Protein chains: 2
Amino acid sequence: MSHTSYVSEATLRRLPTYLHLLRTHHQQGAEQVSCSAIGKELRLDPTQVRKDLEVTGSVGRPRIGFPVADLIEAIETFLGWNNVHDAFLAGAGNLGYALLGYDRLKDYGVHIVAAFDNDPRKIGTEVHGRQVLPIGRLESLVQRMHVRIGIITVPADHAQTVADRMVAGGILAIWNFAPVSLRLPQHIIVQNEELYYSLAALSRQVGDRLRSPREKGG
Amino acid sequence: MSHTSYVSEATLRRLPTYLHLLRTHHQQGAEQVSCSAIGKELRLDPTQVRKDLEVTGSVGRPRIGFPVADLIEAIETFLGWNNVHDAFLAGAGNLGYALLGYDRLKDYGVHIVAAFDNDPRKIGTEVHGRQVLPIGRLESLVQRMHVRIGIITVPADHAQTVADRMVAGGILAIWNFAPVSLRLPQHIIVQNEELYYSLAALSRQVGDRLRSPREKGG
DNA sequence: ATTTTATCGAGAATTATTTCTCGATTGAAA
DNA sequence: TTTCAATCGAGAAATAATTCTCGATAAAAT
């Protein structure tokens, strides 16, 4: 079934958006939804929506569309969001704090079980119910507790070191918020969070608009 | 010069990565850098790097590469990251708290000057030196202070309402962290933050790997 | 019962992006 | 001075993503 067939990054980006929309529809009692309807709401081409949803294995019916509940289930399964995996978070700064406080992370397949930091003032404290442990224990605890996912929210210049400790402990995947390209063995799954991309896109457009304000037509 | 010529989303995603790498090189004293070198470090095709950098207007020299300082400057200018714009943040929850605490946001063109919330316990307090004001004052203050950028970190079901208030006040751009597709006038610049995409990509790969562990070849 | 309309799914056409090729340029080495 | 190696920049080729086209299907309307 859900074999690792190739799915484009663009499609993978859109799937969570569909899922959120479908959940809203589901809450409002909708039982069927068409790709045209989804496309209209998200301003996407209906064929694109259809091709995207195809990867989840869900099938629709002409004139009717797709069953909402099935589709939600199919996307969640496809994304692996109904199997939650334990995670360690390294770097209990502002961003780490926010992630620890975000309960619904487990709806997206990730459950943070502990945080790690090198600041003695933070070590031993609790953040949103999770202990902050010394970074020196990261490797051995990854190994002992068979933790699969490591989240890196330390400053850029410590990210590689922390990642190396995780890998040494036998981690499977790393979610990296530091703006560096980590050097890791081939078999490690890495996801770099590009918070900066949004700021790039936003800032560029704002700058352009202020330079040539409200040009109509063209 | 920096006219709003079309630049692909993929290129725009990579530019901040180049910039971070270049800053590292610059700190280490490098004066010139070639696309081949950048490509090797980031595991990208050299031609792709060259074509990406082309959009910034910076020119390189055969055999030598690009002058690091110029290139940094060119990318920053292109992205608009050396002109900082004031921003209001709506939703002083965990994520809002983290953004307010992230000082370096101004290195990316955004300076949050105040936060807004509807929780009476938060209103009147300060978060990382910025006041939390009642959400009811959002519209009028956007107007009065000519704030350009609105950041939405409220729950999904309030996002549209908050966005409407910002637009009514005359905002130019919205950075939306809520997982909904906002309905806004054409002229408003919107950037949706897809934190969920990373979780989709990560979770999917982790699930696949655990299902068919370490298949070699094929 | 027949017609109409909305939609799916498959494949073709289009468009965009990435990768390859090659001549020109430049500094370093012979 | 001449040769060599690395790299740029432009354009061609290859690959990938999106959009269009169309026959099939299924429910609602006539």
Side-chain angles (χ1 to χ4, degrees), chain A residues 4-18 21-22 25 30-72 74-75 78 181 194 197 200-201 204, chain B residues 4-18 21-22 25 30-72 74-75 78 181 194 197 200-201 204:
Chain A
T4 323
S5 61
Y6 176 74
V7 172
S8 80
E9 186 181 311
T11 294
L12 212 44
R13 264 180 211 291
R14 287 187 294 262
L15 285 173
T17 312
Y18 299 142
L21 182 68
L22 291 167
H25 280 224
E31 297 192 352
Q32 310 283 336
V33 66
S34 73
C35 293
S36 329
I38 294 173
K40 202 169 234 171
E41 288 194 75
L42 301 176
R43 269 145 297 184
L44 296 173
D45 185 280
T47 309
Q48 182 169 64
V49 176
R50 203 169 295 124
K51 288 221 196 298
D52 284 341
L53 296 180
E54 201 172 37
V55 306
T56 68
S58 193
V59 288
R61 285 195 303 166
R63 175 78 208 229
I64 298 299
F66 292 76
V68 178
D70 288 14
L71 202 44
I72 289 172
I75 298 177
F78 179 82
S181 186
E194 303 163 326
Y197 159 68
R204 182 174 136 73
Chain B
T4 322
S5 60
Y6 176 75
V7 173
S8 81
E9 186 182 310
T11 294
L12 212 44
R13 267 182 207 291
R14 286 186 294 264
L15 285 173
T17 312
Y18 299 141
L21 181 67
L22 290 167
H25 279 224
E31 296 192 355
Q32 309 283 336
V33 66
S34 72
C35 293
S36 331
I38 294 173
K40 202 169 234 172
E41 288 193 75
L42 301 176
R43 270 145 298 185
L44 296 173
D45 185 282
T47 309
Q48 182 168 64
V49 176
R50 203 169 296 125
K51 286 220 196 301
D52 284 342
L53 296 180
E54 201 171 36
V55 306
T56 69
S58 192
V59 289
R61 286 195 303 167
R63 175 78 209 226
I64 298 298
F66 292 76
V68 179
D70 287 14
L71 201 44
I72 290 173
I75 297 176
F78 180 82
S181 186
E194 304 162 325
Y197 158 68
R204 181 174 137 73

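Just so it is clear: chains get the letters A, B, ... in the order the sequence lines come, proteins before strands, and each one is counted from 1. No experiment lies behind these values; they were computed from the predicted model shown. Note: hydrogens, waters and symmetry copies are ignored here, and every other heavy atom, side chains too, is used.
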Listed by chain and number, what are the side-chain contact (heavy atoms from CB on, under 4.5 Å) partners of [X], not counting sequence neighbours?
X      : value
A/S8   : A/Y6, A/A10, A/T11
A/S181 : B/L42, B/R43
A/A201 : A/Y197, A/Q205, B/L12, B/Q191

Contacts of [X] that satisfy side chain to side chain donor-acceptor pair (under 3.5 Å) - sequence neighbours left out:
X     : result
A/R14 : A/D52
A/D70 : none
A/Q48 : none
A/E41 : A/H25

message: Which residues pass the salt bridge (charged side-chain N to carboxylate O under 4.0 Å, His left out) test with A/E9, not counting sequence neighbours?
response: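 Only A/R13 meet the salt bridge (charged side-chain N to carboxylate O under 4.0 Å, His left out) criterion with A/E9.
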Are any protein N/O atoms closer than 3.5 Å to N/O atoms in nucleotides 27-30 of chain C? If there are, list each pair with its distance.
from	atom 1	to	atom 2	distance (Å)
C/dG27	OP1	B/R61	NH1	2.8
C/dG27	N2	B/R63	NH1	2.8

message: At less than 4.0 Å, is any side-chain N or O atom of B/Y6 found next to OP1 or OP2 of C/dT15? Yes or no.
response: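 It does not, given that no N or O in the side chain of B/Y6 lies less than 4.0 Å from OP1 or OP2 of C/dT15.
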Output side-chain donor-acceptor pairs under 3.5 Å for residues 53-61 of chain A, partner residues at least two apart or in another chain, one line each.
from	atom 1	to	atom 2	distance (Å)
A/T56	OG1	A/L53	O	2.7
A/T56	OG1	A/S58	N	3.4

field: 5' to 3' contact window, DNA chain D with chain A (heavy-atom distance under 4.0 Å)
entry: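 The footprint of chain A covers D/dA17 to D/dA27.
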- request: List in numerical order all residues of residues 43-50 of chain A for which some heavy atom is under 4.0 Å away from an atom belonging to DNA chain D.
  value: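 Here the set is A/D45, A/T47, A/Q48.
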